[in-house]
Amino acid sequence: MEKQNQSVLNEFLLMGVTDRPELQAPFFVLFFVIYVASLVGNLGMIILTKLDERLKTPMYFFLRHLAFIDFGYSTAVGPKMLVNFVTIENTIPYNWCAIQLALFIFFIISELFVLAAMAYDRYVAICSPLLYTVIMSQKICWVLVIIPYLFSAFLSLITSIKIFISSFCGHNVISHFYCDSLPLLTLICSGTHDIELIILIFSAFNLVSSLSVVLVSYILILMAIIRMNSAEGRNKAFSTCGSHLTVVIILYGTLSFMYIQPKSSHSFETDKMASVFYTLVIPMLNPIIYSLRNKEVKGAIEKLWKNVCKAYN
C-alpha cells in the first residue's frame with residue numbers, strides 16, 4: 001500500500017493562509033494589492049536604476065539586484081497564493097511544488113548575502129571614500145552578487161533534490177500556503193535526518209555569516225562616524241545607511257522570530273504569519289523605504305515623471 005501511495009502521488013494540497021471561508025475574499029484583496037505594489041515597486045526600481053545616470057553607482061547596482069530578488073521570491077509564492085483564495089481545491093502539481101521550493105530557497109538566500117554586500121559597500125563608502133571607486137569597481141560588484149547567486153543555486157538544488165527524491169507517503173497535505181522545506185519533511189516516509197542536518201547547518205551558516213558581515217560593517221561605520229568632526233558629515237553618513245539598515249532590521253527581525261522562538265511555542269501557524277510578512281510584505285516595503293529615505297531615488301522618480309508628462313503633452 002505504501003508503494004502504491006508513493007507511485008500515485010502527483011500533487012500536493014496546500015492548506016493556505018486561512019481555512020475560514022469568510023476571510024478568503026478580504027485576504028485576496030489585501031494580498032493582491034500588496035503583491036501588485038511589490039511588483040510595481042521592484043520593477044520600477046530596476047528600470048529606474050538602469051535609466052538614470054545618477055543611479056549608476058555601486059550602491060544602486062546592489063539595490064537593483066535586491067529589487068530583482070524581491071521580485072523573484074514574491075512572484076515564486078504570490079500568484080499561486082492568490083489563485084488558492086479563489087479556487088475550491090488548493091492543489092499544486094508535484095513538479096511545480098519542487099520548482100517553487102527551489103526558487104524560494106534561491107532568492108531568500110541570495111537576499112541575505114546581497115544585503116551583506118550592500119553593508120560592505122556602505123562601509124567602504126564611509127570609511128574609505130577616496131578609494132571607493134577603486135575598491136568597489138564594476139568587477140568587484142559583479143563578484144559580490146555572482147558568488148551569492150551561485151552559492152544560493154547550489155544550496156537550492158541540493159535541498160530540493162534531497163527532498164523530492166525521498167519517498168512521500170500517501171498523505172499530501174502541506175500545512176502552509178506554499179511549498180516550504182519544513183512542512184514537506186513531515187510528509188516524507190523515509191528518514192529525514194540527512195536533509196534536516198543540511199537545512200540546519202546551512203541555515204545557521206547563511207544567517208550567521210551574512211549577519212556577521214552586516215554587524216562588523218556597521219560597527220566600523222559607527223566608529224568612523226563618531227570620529228567625524230562635522231555634524232553635516234555625520235548626518236550624511238547616517239542618511240546613506242538609514243534605508244539599508246531599516247531593511248536589514250526588518251528582514252533579520254522576521255527571520256529571528258521564526259527560528260529563535262522556543263520550540264514549545266513554535267508552530268506552522270506562526271511560521272505562516274511570518275512567511276506572509278517576508279514573502280510579500282518585505283518585498284513591497286523595500287522599494288518604498290529606499291524611495292522615501294533617498295533623495296537621489298526621489299529625484300530620479302520626479303525626473304522620470306516629468307519626462308513622461310512631457311511625452312504625453
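On a predicted model such as this, the values are computed, not experimentally measured, just so you know.
- Between atom CD1 of residue Ile158 and atom CD1 of residue Ile105 there is a gap of 11.0 Å, rounded to the nearest 0.5 Å.
- The closest donor-acceptor contact from the side chain of Asn42 to the backbone of Ser38 lies under 3.5 Å.
- A heavy-atom distance below 4.5 Å is not found between the side chains of Ile135 and Ile140.
- Under the 4.5 Å side-chain heavy-atom criterion for Ile, Leu, Val, Met, Phe, Trp and Tyr, Leu30 and Leu39 are members of the same hydrophobic cluster.
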Before you tell me yes or no, could you show the steps for Tyr178 and Leu101 under side chain to side chain contact (heavy atoms under 4.5 Å, CB included), namely the whole-Å CA-CA distance, both residues' side-chain angles and the distance that decides it to 0.1 Å? CA-CA 8 Å; Tyr178 68 96; Leu101 175 65; over 6 Å; no
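- Between Ser175 and Thr186 there is no side-chain heavy-atom pair separated by less than 4.5 Å.
- Contact of the Leu14 side chain with the Lys80 side chain is registered, since non-hydrogen atoms from C-beta on lie closer than 4.5 Å.
- If you take OG on Ser110 and CG on Leu150, they are separated by 9.5 Å, rounding to the nearest 0.5 Å.
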For side chain to side chain contact (heavy atoms under 4.5 Å, CB included), just list the numbers for Leu112 and Tyr252, CA-CA rounded to whole Å, side-chain angles, deciding distance to a tenth of an Å, and then say yes or no. CA-CA 9 Å; Leu112 294 175; Tyr252 280 95; 3.7 Å; yes
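- Taking CG of Leu251 as the reference point, atom CG of Leu66 lies at 9.0 Å (rounded to 0.5 Å).
- Once rounded to the nearest 0.5 Å, the distance linking CH2 of Trp96 with OG1 of Thr91 reads 9.5 Å.
- A parallel orientation is assigned to the rings of Phe31 and Phe85, their planes being inclined by less than 30° (bins at 30° and 60°).
- Met15 and Asn90 get closest at one heavy-atom pair: O-ND2, 4.3 Å.
- Between the side chain of Ser243 and the main chain of Tyr290, no donor-acceptor pair closer than 3.5 Å is present.
- Screening residues 18-77 for disulfide (SG to SG under 2.5 Å), with sequence neighbours left out, gives no hits.
- For residues 17-102, the pairs satisfying disulfide (SG to SG under 2.5 Å) are Cys97-Cys179, with sequence neighbours left out.
- With contacts defined as side-chain heavy-atom distances shorter than 4.5 Å, the pair Phe151/Ile109 qualifies.
- Ile146 and Met118 fall within a single hydrophobic cluster, where Ile, Leu, Val, Met, Phe, Trp and Tyr side chains are chained together by heavy-atom contacts under 4.5 Å.
- In this structure, Ile289 is a member of the same hydrophobic cluster as Leu43, with clusters built from ILVMFWY side-chain heavy atoms closer than 4.5 Å.
- With hydrogens and angles left out, the side-chain atoms of Thr57 and Tyr132 include no donor and acceptor closer than 3.5 Å.
- Ile108 and Ile147 fall into different hydrophobic clusters, where Ile, Leu, Val, Met, Phe, Trp and Tyr side chains are chained together by heavy-atom contacts under 4.5 Å.
- Under the 3.5 Å distance criterion, the side-chain polar atoms of Arg64 are matched with a main-chain donor or acceptor of Thr49.
- Under the 4.5 Å side-chain criterion, counting only non-hydrogen atoms from C-beta, Tyr149 is in contact with Ile69.
- Asp70 pairs in a side-chain hydrogen bond (donor to acceptor under 3.5 Å, both in side chains) with only one of the listed residues (Asn286, Thr75, Thr279), which is Asn286.
- Listed for the Ser166 side chain is a donor-acceptor partner under 3.5 Å among the backbone atoms of Lys162.
- For Phe68 and Phe107, the ring centers sit closer than 6.0 Å to each other.
- The OG1 atom of Thr159 sits 11.5 Å away from atom CG of Leu184, with the distance rounded to the nearest 0.5 Å.
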Carefully, step by step, assess Tyr73 and Phe106 under the rule side chain to side chain contact (heavy atoms under 4.5 Å, CB included). CA-CA 8 Å; Tyr73 73 76; Phe106 170 77; over 6 Å; no
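- Looking at Tyr120 and Leu144, their side chains come closer than 4.5 Å, going by heavy atoms from C-beta outward.
- The backbone N or O of Leu157 sits nowhere less than 3.5 Å from a side-chain atom of Ser160 that would complete a donor-acceptor pair.
- For Ser128 (side chain) and Val124 (main-chain N/O), no donor-acceptor pair under 3.5 Å exists by modelled atom type.
- Here the shortest heavy-atom pairing between Gln100 and Ile92 reads OE1-CD1, 3.9 Å.
- The heavy-atom pair separating Val77 from Phe177 by the smallest distance is CG1-CE1, 3.5 Å.
- Checked by atom type, the side-chain pair Ser210/Asn206 shows no donor-acceptor distance below 3.5 Å.
- Across every non-hydrogen atom of Cys141 and Phe62, the tightest pair is O-CE2, 3.8 Å.
- By the 6.0 Å contact criterion, OH on Tyr94 is enclosed, its count of non-hydrogen atoms from other residues, nucleotides or ligands being greater than 12.
- Atom-to-atom distance recorded for Met136:CE and Asp121:CG is 4.5 Å, nearest 0.5 angstrom.
- The cluster map of Ile, Leu, Val, Met, Phe, Trp and Tyr, joined by side-chain heavy atoms under 4.5 Å apart, puts Met81 and Ile99 in the same cluster.
- Nearest approach of His176 to Pro183, heavy atoms of both residues: CD2-CG, 3.7 Å.
- For the pair Ile188/Ser167, no side-chain contact is recorded, criterion being any heavy-atom separation below 4.5 Å from C-beta on.
- A donor-acceptor distance shorter than 3.5 angstrom exists from the side chain of Ser74 to the backbone of Phe71, with no hydrogens or angles considered.
- Under the side-chain contact (heavy atoms from CB on, under 4.5 Å) criterion, Ala119 pairs with Val214, Ser217, Tyr218, His244, sequence neighbours left out.
- The 12-atom threshold is not exceeded at CZ of Phe32, counting heavy atoms of other residues, nucleotides or ligands nearer than 6.0 Å.
- Although no hydrogens or angles enter the test, the distance criterion places no donor-acceptor pair under 3.5 Å between the side chain of Gln138 and the main chain of Pro58.
- Contact record, Gly78 with Tyr35: CA-CD1, 4.4 Å, taken as the closest heavy-atom pair.
- The neighbour count for Lys56 NZ, taken as heavy atoms of other residues, nucleotides or ligands under 6.0 Å away, is above 12.
- The side-chain heavy atoms of Phe113 and Val213, taken from C-beta on, include no pair separated by under 4.5 Å.
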